[in-house]
Novice: 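Okay, handing you the structure first.
Atom set for the values below is all heavy atoms of this structure, side chains included, hydrogens, waters and symmetry mates excluded. Values in this document were obtained by computation on a predicted structure and should not be read as measured data. The sequence lines fix the lettering, A, B, ..., with proteins before strands; numbering per chain opens at 1.
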There are 2 protein chains.
Amino acid sequence: MAKRKQKDIKLTVDLFKIFSDYTRLRIIALLITGEFCVQEISDHLKTSQSATSHQLRMLRDLNVVKTRKEGKLVYYSLLDHHIKELYLIGYSHANEC
Amino acid sequence: MAKRKQKDIKLTVDLFKIFSDYTRLRIIALLITGEFCVQEISDHLKTSQSATSHQLRMLRDLNVVKTRKEGKLVYYSLLDHHIKELYLIGYSHANEC
DNA sequence: TTATAATATGAGTCAATGCTCATATGTCAC
DNA sequence: GTGACATATGAGCATTGACTCATATTATAA
């Protein structure tokens with residue numbers, strides 16, 4: 001296999017990995033509907049503050065989400081339109097279009 | 001979050017997980033181009049026979065691929081058109097459309 | 001039947017990863 | 001300043017997952 005193709009496939013794997021965890025995918029599904037602070041996300045997912053924050057950190061490092069500070073609160077929202085599109089396509093494929 | 005939605009998201013996670021391993025994704029990328037036996041796949045990926053076979057087993061259990069026996073050889077091919085479509089979309093998103 | 005080739009599989013190992021727990025940091029109100 | 005709240009983060013732990021190694025199975029050929 002050509003080196004070029006290998007690298008492209010690695011990038012593709014990395015993209016799909018973003019979506020391959022239940023907590024992360026629920027965060028993404030929620031952020032598609034708008035901007036939310038950590039508490040709201042954590043409450044909505046019924047996941048601990050810490051676990052939520054760790055995943056948000058990861059999504060931020062991966063340039064999937066961006067943040068906006070407002071006092072004590074930190075609001076998260078989707079950064080990349082690819083994420084929303086791929087999520088919706090994957091969702092519809094998984095649930096029989 | 002509604003139970004229904006939770007289940008749908010779990011299904012979506014499971015779908016994305018199929019694509020979230022380098023070896024598996026290369027197998028899928030290859031099988032998009034046709035039908036191949038284990039040896040051919042293993043050679044092409046430069047991955048051991050055993051590792052290849054384990055991943056093929058997994059893909060088979062997940063109904064991603066089907067097999068056809070011809071003497072000693074077992075030919076694998078894609079079973080589900082969703083897989084090809086989602087792979088190609090993910091690939092193009094990952095590599096900047 | 002025996003040998004050889006192709007594939008499958010079980011056990012064990014190791015690395016990756018997502019969690020919890022405790023604590024740190026940051027911001028506001030008093 | 002102190003206290004209360006929101007968020008972040010590091011360490012440790014448990015689980016998952018992909019690999020290797022050895023061996024089993026299956027099929028053909030001699």
Side-chain angles (χ1 to χ4, degrees), chain A residues 1 6 9-31 34-77 79, chain B residues 1 6 9-31 34-77 79:
Chain A
M1 197 188 295
Q6 281 183 24
I9 292 188
K10 269 181 189 156
L11 282 175
T12 310
V13 167
D14 289 342
L15 178 59
F16 280 123
K17 274 187 180 165
I18 295 171
F19 298 94
S20 68
D21 172 76
Y22 182 52
T23 302
R24 273 198 303 281
L25 204 63
R26 276 145 78 220
I27 291 175
I28 289 168
L30 178 62
L31 293 185
E35 187 193 51
F36 297 91
C37 68
V38 178
Q39 218 182 29
E40 291 171 324
I41 298 168
S42 165
D43 284 357
H44 185 261
L45 305 192
K46 293 186 183 31
T47 299
S48 74
Q49 179 271 323
S50 180
T52 304
S53 185
H54 276 294
Q55 292 298 342
L56 286 168
R57 168 67 199 259
M58 180 181 302
L59 291 173
R60 195 169 196 262
D61 289 346
L62 291 167
N63 285 312
V64 171
V65 300
K66 62 175 186 291
T67 57
R68 181 176 65 83
K69 258 187 133 167
E70 196 172 313
K72 279 179 285 192
L73 303 178
V74 179
Y75 285 94
Y76 282 79
S77 56
L79 178 58
Chain B
M1 196 186 296
Q6 282 183 22
I9 291 187
K10 267 181 191 156
L11 283 175
T12 310
V13 167
D14 289 342
L15 178 58
F16 280 123
K17 273 188 181 163
I18 296 171
F19 299 94
S20 68
D21 173 76
Y22 183 53
T23 302
R24 273 198 304 278
L25 204 63
R26 277 145 77 222
I27 291 176
I28 289 168
L30 178 62
L31 293 185
E35 187 193 50
F36 297 91
C37 69
V38 178
Q39 218 182 28
E40 291 171 324
I41 298 169
S42 166
D43 284 356
H44 184 262
L45 306 192
K46 294 184 181 34
T47 299
S48 74
Q49 179 271 323
S50 180
T52 304
S53 185
H54 276 294
Q55 292 298 341
L56 287 169
R57 168 70 200 259
M58 181 179 304
L59 291 173
R60 194 169 196 262
D61 289 345
L62 291 167
N63 286 310
V64 170
V65 300
K66 64 176 186 290
T67 58
R68 181 176 66 82
K69 258 187 133 166
E70 195 172 315
K72 278 180 284 192
L73 304 177
V74 179
Y75 287 93
Y76 282 80
S77 55
L79 178 58

Novice: Taking only N and O in the side chain of B:Thr23, is any of them less than 4.0 Å away from OP1 or OP2 of D:dA18?
Specialist: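 Checking B:Thr23 against D:dA18: no side-chain N or O falls below 4.0 Å of OP1 or OP2.
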Novice: Return the CD1 to CZ distance between A:Ile27 and A:Arg24, rounded to the nearest 0.5 Å.
Specialist: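 That separation rounds to 8.5 Å.
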Novice: Ignoring hydrogens and angles, does a donor from either the side chain of A:Ser50 or the base of D:dT7 sit under 3.5 Å from an acceptor on the other?
Specialist: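 It does not, because no donor-acceptor pair links the side chain of A:Ser50 to the base of D:dT7 below 3.5 Å.
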Novice: Would you mind reading off the distance between B:Leu73 atom CG and D:dA29 atom P, rounded to a whole angstrom?
Specialist: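 Rounded to whole Å, this separation is 11 Å.
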Novice: Should the heavy atoms of other residues, nucleotides or ligands under 6.0 Å from CZ of A:Arg60 be counted, would the total exceed 12?
Specialist: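 For A:Arg60, atom CZ is not crowded (no more than 12 foreign heavy atoms under 6.0 Å).
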Novice: Verify the contact: side-chain N or O of A:Tyr76 to OP1 or OP2 of D:dA6, cut-off strictly under 4.0 Å; return yes or no.
Specialist: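 Answer no for this pair, as no side-chain N or O of A:Tyr76 is under 4.0 Å from OP1 or OP2.
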Novice: Of all heavy-atom pairs between B:Glu40 and B:Glu35, which one has the smallest distance, and what is that distance?
Specialist: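 Scanning both residues, the minimum pair turns out to be OE1-O, 4.4 Å.
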Novice: Let's see if you can work this out: which of C:dA8, C:dA6, C:dG26 has an atom nearest to the side-chain heavy atoms of B:Val74?
Specialist: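 The nucleotide sitting nearest to the side chain is C:dA8.
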Novice: Can you check the A:Lys69 NZ to C:dT25 C1' distance for me, whole Å?
Specialist: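 A:Lys69 atom NZ is separated from C:dT25 atom C1' by 9 Å.
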Novice: Rounded to the nearest 0.5 Å, what separation is found between the OG1 atom of B:Thr12 and the OH atom of A:Tyr22?
Specialist: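 B:Thr12 atom OG1 to A:Tyr22 atom OH measures 10.5 Å (nearest 0.5 Å).
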Novice: Let's see if you can work this out: which of D:dA18, C:dT17, C:dG18 has an atom nearest to the side-chain heavy atoms of B:Asp21?
Specialist: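 When the side chain of B:Asp21 is considered, D:dA18 is the closest of D:dA18, C:dT17, C:dG18.
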Novice: Measure from the side chain of B:His54, starting at C-beta and using heavy atoms only, and say which of C:dA11, D:dT7, C:dC21 lies closest.
Specialist: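 Closest of the options to the side chain of B:His54: C:dA11.
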Novice: D:dT9, D:dT28, D:dT7: which one has an atom nearest the side-chain heavy atoms of A:Arg57?
Specialist: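 Ranking D:dT9, D:dT28, D:dT7 by closest atom to the A:Arg57 side chain puts D:dT9 first.
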Novice: Choosing from D:dA8, C:dC21, D:dA18, which nucleotide comes nearest the side chain of B:Arg24?
Specialist: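 Comparing D:dA8, C:dC21, D:dA18 against the side chain of B:Arg24, the answer is D:dA18.
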Novice: Separation of B:Leu45 atom CG from C:dT7 atom P, in whole Å?
Specialist: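 These atoms are roughly 13 Å apart.
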Novice: Hey, does A:Ser48 reach any base, or is it just sugar-phosphate, or nothing, if we go heavy atoms under 4.0 Å?
Specialist: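 Since only primed, P, OP1 and OP2 atoms lie under 4.0 Å of A:Ser48, the category is sugar-phosphate.
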Novice: Can you tell me the distance, in whole Å, between the NZ atom of A:Lys72 and the P atom of C:dA24?
Specialist: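 It is 20 Å, rounded to the nearest whole Å.
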Novice: Do the side-chain N or O atoms of A:Gln55 get closer than 4.0 angstrom to the phosphate oxygens (OP1, OP2) of C:dC19?
Specialist: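 Indeed, a polar side-chain atom of A:Gln55 lies that close.
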Novice: Rounded to the nearest angstrom, tell me the gap between atom CZ in A:Arg26 and atom C1' in C:dC19.
Specialist: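 Taking atom C1' of C:dC19 as the reference, CZ of A:Arg26 is at 13 Å.
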Novice: Confirm from the modelled atom types if B:Ser53 and C:dT9 form a donor-acceptor pair under 3.5 Å, side chain to base only.
Specialist: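 Check fails, no donor-acceptor contact within cut-off.
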Novice: To the nearest angstrom, how far is A:Tyr22 atom OH from C:dC19 atom C1'?
Specialist: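 Interatomic distance, OH of A:Tyr22 to C1' of C:dC19: 16 Å.
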Novice: Measure from CE on A:Met58 to C1' on D:dG10 and round the result to the nearest Å.
Specialist: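 About 14 Å, once rounded to whole Å.
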Novice: Once you round it to whole Å, what is the distance between C1' of C:dG18 and CD of A:Gln49?
Specialist: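 Between C1' of C:dG18 and CD of A:Gln49: 15 Å.
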Novice: Any carboxylate oxygen within less than 4.0 angstrom of a Lys/Arg side-chain nitrogen, looking at B:Asp61 and B:Arg57?
Specialist: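 Salt bridge: yes.
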